[in-house]
Amino acid sequence: MAAIYSLYIINKSGGLIFYKDYGSKGRMDTNDSLRVASLWHSMHAISQQLSPTTGCTGIELLEADTFDLHCFQSLTGTKFFVVCEPGTQNMEALLKVVYELYTDYVLKNPFYEMEMPIRCELFDINLTQAIQKDRVALLGR
Amino acid sequence: MQFFGGSEISPSPPTPAATGAGNNAHMIYLFNRNGVCLLYREWNRPLHTLNPQQDHKLMFGLLFSLKSLAAKMDPTSADKGNLGVPQLPGQGCSFHSFRTNTYKLSFMETPSGIKFILVTNPRTGDLRETLKYIYNLYVEYVAKNPLYSPGTPIR
């Protein structure tokens, strides 16, 4: 029933700092999620090289047969991407909300080291709430 | 993926849905399964980052890896092989397009491993029918041409 399969956050250098799956469909074991994250980081960079015009900031949406992948890159190079069902709406807004939660609960946390895996309880709690709200809104429609 | 049975080509390409004025493609690439670039045409490309050889290789490499990524991330399949394993053309889930802020790339791979890539402006709709039409043209005029040797660039 979930429209979102999984959420990844990768740091400036391409390392995975946060991974969450929703339901068994998105599940991937740790090593694979790390590989996928680094691969995505490189693909994002290469896609900027192949642009026919200037000013390309990388892939925002990848559409496949069975899933869609929405990516948001912050000004600092941190990438947030979500794997969801094809045709899911409002994923860009959701990614912006996740970015806000990241800045509030992760970056402002004095014990959090930059570029390290995220282990912040408040971030997890608020993230779950945001996804739930989004899910309810999607189902209610 | 069901491939078109008939050999008739429709007289005009299907009109893509939801396009603004001036829906001109930027570039088109055609690769065979070994990475040889069979065709490259550009109509509107203000920026050239790399020389043509490197550009083709980079494009092929990017698509190869994206296909592998899509197969791995596919939520419906039972766990497929690892990321490095080359995928057969029909096997597994494949992506059909990606969009950046400056361009949209549409991709189609045939069962024989021929890859069709179209780079257009980001507002373009779903181009899968257009790519199928181009494939039909390829079959009629290239594959059926007795003087064409497979694996060489199309003249």
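In what follows, every chain begins at residue 1, and chains take the letters A, B, ... in the order their sequences are listed.
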[atom1]/[X] to [atom2]/[Y] distance, rounded to the nearest 0.5 angstrom?
X	Y	atom1	atom2	answer
A:Gln49	B:Met59	CD	CE	11.5 Å
A:Glu63	B:Phe95	CD	CZ	11.0 Å
B:Leu62	A:Ile59	CG	CD1	6.0 Å
B:Lys72	A:Ser33	NZ	OG	10.0 Å
A:Thr53	B:Asn101	OG1	CG	8.0 Å

Donor-acceptor under 3.5 Å (B:Asp74 side chain, A:Thr66 main chain): no
Test side chain to side chain contact (heavy atoms under 4.5 Å, CB included) applied to A:Leu50 and B:Tyr103, step by step: CA-CA 10 Å; A:Leu50 291 167; B:Tyr103 68 97; 4.3 Å; yes
Validation row: B:Thr100, A:Thr57 side chains within 4.5 angstrom (heavy atoms): no
Test item: B:Met73 and A:Met28 side chains (from C-beta on) under 4.5 Å apart, heavy atoms: yes
Do [X] and [Y] sit in the same hydrophobic cluster, where Ile, Leu, Val, Met, Phe, Trp and Tyr count as joined when their side-chain heavy atoms come under 4.5 Å apart?
X	Y	answer
A:Ile125	A:Val98	no
A:Leu101	A:Phe72	yes
A:Leu61	B:Ile117	no

Heavy-atom proximity to chain A below 4.5 Å, by part of B:Met27: side chain
Heavy-atom proximity to chain A below 4.5 Å, by part of B:His96: both
Looking only at non-hydrogen atoms, find the nearest pair between [X] and [Y] and report the distance.
X	Y	value
A:Ser51	B:Thr102	OG-OG1, 3.1 Å
A:Phe67	B:Ala70	CE2-O, 3.5 Å
A:Pro52	B:Pro46	O-CD, 3.1 Å

Side chain / backbone / both / neither for A:Met43 at chain B, heavy atoms under 4.5 Å: both
Which of B:Val119, B:Leu105, B:Leu66, B:Asp55 touches chain A most, by non-hydrogen pairs under 4.5 Å: B:Leu66
Residues, nucleotides or ligands: over 12 heavy atoms within 6.0 Å of B:Arg45 CZ: yes
